[in-house]
Amino acid sequence: MLRNYSNSRTLGDNIRLGTLTAFTAGTINIASLLIFLSFTSNVTGHYAILAAEISKGNWSQVAVMGSWIFLFFFGSFLSNFIVINFNKKSKYFAHALPLVLEIICLFGVGVYGQLYYQKTLAETEVLVAIMLFATGLQNGLTASISNFSVKTTHLTGTTTDLGILVSMFTQKKYRKNGELIGRAKLLMSIMVAYVLGAVFSGLTYYYLEFRVFYVISVCLMIVIGYDAYKIHVRHFNTKYRYNRIYKKPNLLAYLYEKIHGIPKSKKNRKLVFED
């Protein structure tokens, strides 16, 4: 999910990344709505409120809305900044670091909310700001590494793109286009996962309350851990093959053979005229 970059990604990479991060985005959004009465996975509504507060001359709220929008922007900026600057050193590290930062933010919100939250306006504004920064990190990362194919914190563009694709599928020539079909599958998976995350958050919040952010952090850790596992397994297999080829048995090759068994050697066939 995180190892590949831009055009080297497969449809499967994008679907796995899109579904898991869309599920977390839906969970975050409904949790923040129930707790703070504010959406935190997108800033469309905040722009409208910003304009309304400017027209009223309510400058304290203008400052709050402006800071929320800026933090979402800064989260996206920071994600792409990390990706483009650390990508050559380690793609996995560059792509995992924004998610690690998001986990820290959400876990921090969960801990503070569970232990210290007094439901004051100032606390609410700060916690919402942190969550907007976290979702900005996520949206910037998924868009950056997928060449803008995956955006999971809001569904406005996703719904628009899917509507366009469905209209194209009314013609037979587009229904046979594998790229368009794959794109439709990706968009549908993101939409379904987002809704499932929102439903999950709505059903479990009254039992989990702020602990729902721990569940979200675990989902993001699965995204990080999946690729870490794949990388280490691939490295394990590569080292094993190298040791077998060059006949240098060591502990790594011994463990691999214990787990998978020793491959059976193929017997050399005799040709008819050799008898």
Side-chain angles (χ1 to χ4, degrees), residues 21-22 24-85 97-144 148 150-161 190 194-195 197-198 201-202 205 209-210 212-213 216-217 220:
T21 54
T24 61
T27 309
I28 291 169
N29 208 30
I30 296 305
S32 66
L33 179 63
L34 294 174
I35 299 171
F36 307 121
L37 302 179
S38 178
F39 294 109
T40 56
S41 70
N42 63 82
V43 291
T44 305
H46 297 315
Y47 273 106
I49 296 172
L50 175 67
E53 296 299 340
I54 290 174
S55 65
K56 295 176 184 178
N58 192 352
W59 302 114
S60 61
Q61 285 303 303
V62 168
V64 171
M65 290 298 118
S67 64
W68 286 0
I69 293 169
F70 172 78
L71 283 169
F72 188 91
F73 158 82
F74 184 69
S76 298
F77 163 83
L78 184 60
S79 277
N80 193 62
F81 181 84
I82 292 170
V83 169
I84 63 177
N85 282 281
L97 183 55
L99 289 184
V100 172
L101 295 176
E102 182 182 2
I103 290 170
I104 292 171
C105 291
L106 296 176
F107 190 82
V109 170
V111 171
Y112 185 88
Q114 189 177 0
L115 301 178
Y116 307 108
Y117 185 52
Q118 299 297 319
K119 298 183 179 181
T120 64
L121 179 60
E123 285 178 309
T124 300
E125 290 173 348
V126 171
L127 292 176
V128 169
I130 293 171
M131 293 175 68
L132 282 164
F133 173 71
T135 52
L137 283 167
Q138 178 178 306
N139 205 42
L141 173 70
T142 56
S144 178
F148 298 95
V150 180
K151 294 179 182 177
T152 57
T153 62
H154 56 276
L155 298 182
T156 306
T158 303
T159 307
T160 303
D161 292 347
I190 290 172
Y194 189 98
V195 173
S201 184
Y205 166 73
E209 295 184 341
F210 276 93
V212 71
F213 294 106
I216 298 168
S217 298
L220 293 173

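Just so you know, residue 1 is the first one in the sequence shown, and it goes up from there. Note that the structure is predicted; figures quoted are calculated from it, not measured.
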Could you give the side-chain donor-acceptor pairs of residues 71-78 under 3.5 Å, partners two or more places apart or in another chain?
residue: S76; atom: OG; partner: F72; partner atom: O; Å: 3.4
residue: S76; atom: OG; partner: G136; partner atom: O; Å: 3.1

Which donor-acceptor pairs under 3.5 Å do side chains of residues 50-58 form with protein atoms, sequence neighbours excluded?
residue: E53; atom: OE1; partner: N58; partner atom: ND2; Å: 3.2
residue: S55; atom: OG; partner: A52; partner atom: O; Å: 2.6
residue: N58; atom: OD1; partner: S60; partner atom: OG; Å: 3.2

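The number of heavy-atom neighbours closer than 6.0 Å to CZ of F36, taken from other residues, nucleotides and ligands shown, is above 12. Within a 6.0 Å radius of CZ in F39, other residues, nucleotides and ligands contribute 12 heavy atoms or fewer.
Listed by chain and number, the residues in a side chain to side chain donor-acceptor pair (under 3.5 Å) with S201 amount to none (sequence neighbours excluded). Scored by the ring-ring contact (aromatic ring centres under 6.0 Å, His included) test, Y112 finds Y116 as partners (sequence neighbours excluded).
Of the inter-residue distances, the one linking M131 atom CE with T40 atom OG1 reads 3.5 Å to the nearest 0.5 angstrom. To the nearest 0.5 Å, atom CD1 of residue I30 and atom OH of residue Y205 are 12.5 Å apart. A distance of 11.0 Å separates CG of L34 from CD of E209, quoted to the nearest 0.5 Å. Between the CD1 atom of I216 and the CG atom of L106 there is a distance of 6.0 Å, given to the nearest 0.5 Å. Atom OG1 of T124 is separated from atom CD1 of I35 by 10.0 Å, given to the nearest 0.5 angstrom.
You'll find the side chain of F213 stays beyond 4.5 Å of the side chain of T27, heavy atoms only. In this structure the side chain of T135 reaches within 4.5 angstrom of the side chain of I28, judged on heavy atoms. L137 places none of its side-chain heavy atoms less than 4.5 Å from the side chain of L141. Using a 4.5 Å cut-off on side-chain heavy atoms (C-beta onward), L101 and I82 make contact. Under the 4.5 Å side-chain criterion, counting only non-hydrogen atoms from C-beta, L99 is in contact with E102. Side chains of Y194 and T158 form no contact here, defined as non-hydrogen atoms less than 4.5 Å apart.
Exactly one residue among T153, N139, N29 makes a side chain to side chain donor-acceptor pair (under 3.5 Å) with S41. That residue is N29.
The list of salt bridge (Lys or Arg N to Asp or Glu O under 4.0 Å) pairs with a residue in residues 152-161, not counting sequence neighbours, reads D161-R183. Listed by first and then second residue, the ring pair (Phe, Tyr, Trp, His ring centres under 6.0 Å) pairs that reach into residues 43-65 are H46-W68, sequence neighbours excluded.
The closest donor-acceptor contact from the side chain of Q138 to the backbone of T152 lies at 3.5 Å or more, if one exists at all. Using modelled atom types, one side-chain atom of S32 and one backbone atom of S38 make a donor-acceptor pair closer than 3.5 Å. Panel note: side chain N80, backbone S144; no donor-acceptor pair is recorded below 3.5 Å.
The heavy-atom pair separating T160 from T156 by the smallest distance is OG1-O, 2.9 Å.
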